[in-house]
Amino acid sequence: IWDDLSMISKLKNISDSWLDKKWLKEKSFSLWSFNIEYLKKFPIALIKDNTWEIVAFANLLLTSKSQDMSIDLMRYNPNKQIPGVMDYLFYECILWGQENWYKYFDIWMCPLSGMENAKHWLWNKAAKIIYKHWEYFYNFKWLRSYKNKYNPEWQSMYIASMKNILLSGTIINIST
């Protein structure tokens, strides 16, 4: 775990390369975006190759009483082609948490997945359509599949909005 941001330009280059390679733009609802002032507030986990070059990083969200921890911003250098580097980063962060007496590792959310039991039929139908057909805008299915391999205990999360707010606008805002 690294908490010195003197190499911020290297992390920024990795982040920018990752976004470019995936044809993505920064999101800022369920994950934070690359922001120097934000990242200064957290320890950073690094993965380096055999030449000591940084190939992946993540910032850690830690509670003050060592109860919960999570990864927020995760990025890797897409030009390095190291199979499993993100899994390795994930596992190393979990092990670090165990060694430092953290009880829970939160893998955050998978927007719009698990809507099978939603009570409101219109919202349920809209969410299923978006989940199935908007992969171009957000990798809903991939994210759920990736996180499922860690055998998480999923819990429902809800968003409250005013009655006259358009559903489509709300969904666009939370997924970008």
Side-chain angles (χ1 to χ4, degrees), residues 1-22 24-114 138-160 173-176:
I1 302 296
W2 175 67
D3 60 5
D4 175 13
L5 292 179
S6 62
M7 294 190 290
I8 199 74
S9 64
K10 291 179 183 180
L11 301 182
K12 178 73 170 139
N13 288 339
I14 290 171
S15 180
D16 290 346
S17 295
W18 184 84
L19 289 167
D20 289 345
K21 187 80 167 190
K22 295 188 170 286
L24 294 173
K25 64 178 186 166
E26 293 281 14
K27 298 185 183 334
S28 59
F29 176 73
S30 61
L31 294 172
W32 201 257
S33 57
F34 192 97
N35 177 295
I36 294 169
E37 292 307 311
Y38 174 74
L39 292 175
K40 283 181 183 178
K41 298 176 182 180
F42 304 99
I44 306 289
L46 301 175
I47 301 296
K48 295 181 178 182
D49 65 11
N50 57 359
T51 66
W52 291 96
E53 184 179 345
I54 300 169
V55 294
F57 72 92
N59 70 308
L60 300 178
L61 304 178
L62 307 172
T63 58
S64 60
K65 295 184 179 178
S66 298
Q67 290 287 316
D68 301 307
M69 66 174 285
S70 183
I71 291 175
D72 185 16
L73 184 70
M74 289 176 55
R75 300 286 160 87
Y76 66 91
N77 184 342
N79 302 318
K80 283 294 190 172
Q81 300 297 319
I82 300 174
V85 71
M86 295 313 278
D87 288 328
Y88 181 69
L89 175 62
F90 227 78
Y91 285 123
E92 286 297 315
C93 289
I94 291 169
L95 290 174
W96 181 88
Q98 287 178 330
E99 290 168 5
N100 288 277
W101 302 97
Y102 283 86
K103 292 183 180 180
Y104 305 101
F105 185 82
D106 189 339
I107 62 171
W108 288 82
M109 65 175 134
C110 290
L112 303 181
S113 66
Y138 194 96
N139 296 324
F140 297 110
K141 293 178 199 172
W142 177 88
L143 184 62
R144 178 72 180 219
S145 174
Y146 180 82
K147 290 181 177 185
N148 264 339
K149 68 182 164 187
Y150 296 101
N151 197 25
E153 183 179 308
W154 293 107
Q155 295 178 352
S156 297
M157 294 181 76
Y158 302 92
I159 297 171
N173 286 333
I174 65 172
S175 66
T176 58

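Source: prediction; values computed, not measured. Worth knowing before you read on, the calculation uses all heavy atoms, side chains too, and leaves out hydrogens, waters and symmetry mates.
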If I take atom [atom1] from residue [X] and atom [atom2] from residue [Y], how far apart are they, to the nearest 0.5 angstrom?
| X | Y | atom1 | atom2 | answer |
| --- | --- | --- | --- | --- |
| I71 | I44 | CD1 | CD1 | 11.0 Å |
| L11 | R75 | CG | CZ | 11.0 Å |
| K147 | F90 | NZ | CZ | 6.5 Å |
| K41 | D72 | NZ | CG | 12.0 Å |
| I47 | N77 | CD1 | CG | 13.5 Å |
| Y102 | T63 | OH | OG1 | 6.0 Å |

Would the distance check show the side chain of D68 and the main-chain N or O of Y104 forming a donor-acceptor pair, the cut-off being under 3.5 Å?
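Pair absent, no side-chain N/O of D68 close to backbone of Y104.
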Side-chain donor/acceptor of S17 to backbone N/O of N13, under 3.5 Å
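Pair found, side chain donor or acceptor close to backbone of N13.
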Is there side-chain contact between [X] and [Y], with at least one heavy-atom pair below 4.5 Å?
| X | Y | value |
| --- | --- | --- |
| Y38 | L73 | no |
| N100 | M69 | no |
| Y88 | I82 | no |
| K80 | V85 | no |
| K10 | F57 | no |
| L60 | F42 | no |

Of the non-hydrogen atoms in [X] and [Y], which two are nearest, and what is the gap between them?
| X | Y | answer |
| --- | --- | --- |
| L89 | A45 | CD1-CB, 3.9 Å |
| P43 | L62 | CG-CD1, 3.6 Å |
| D87 | K149 | OD1-NZ, 2.9 Å |

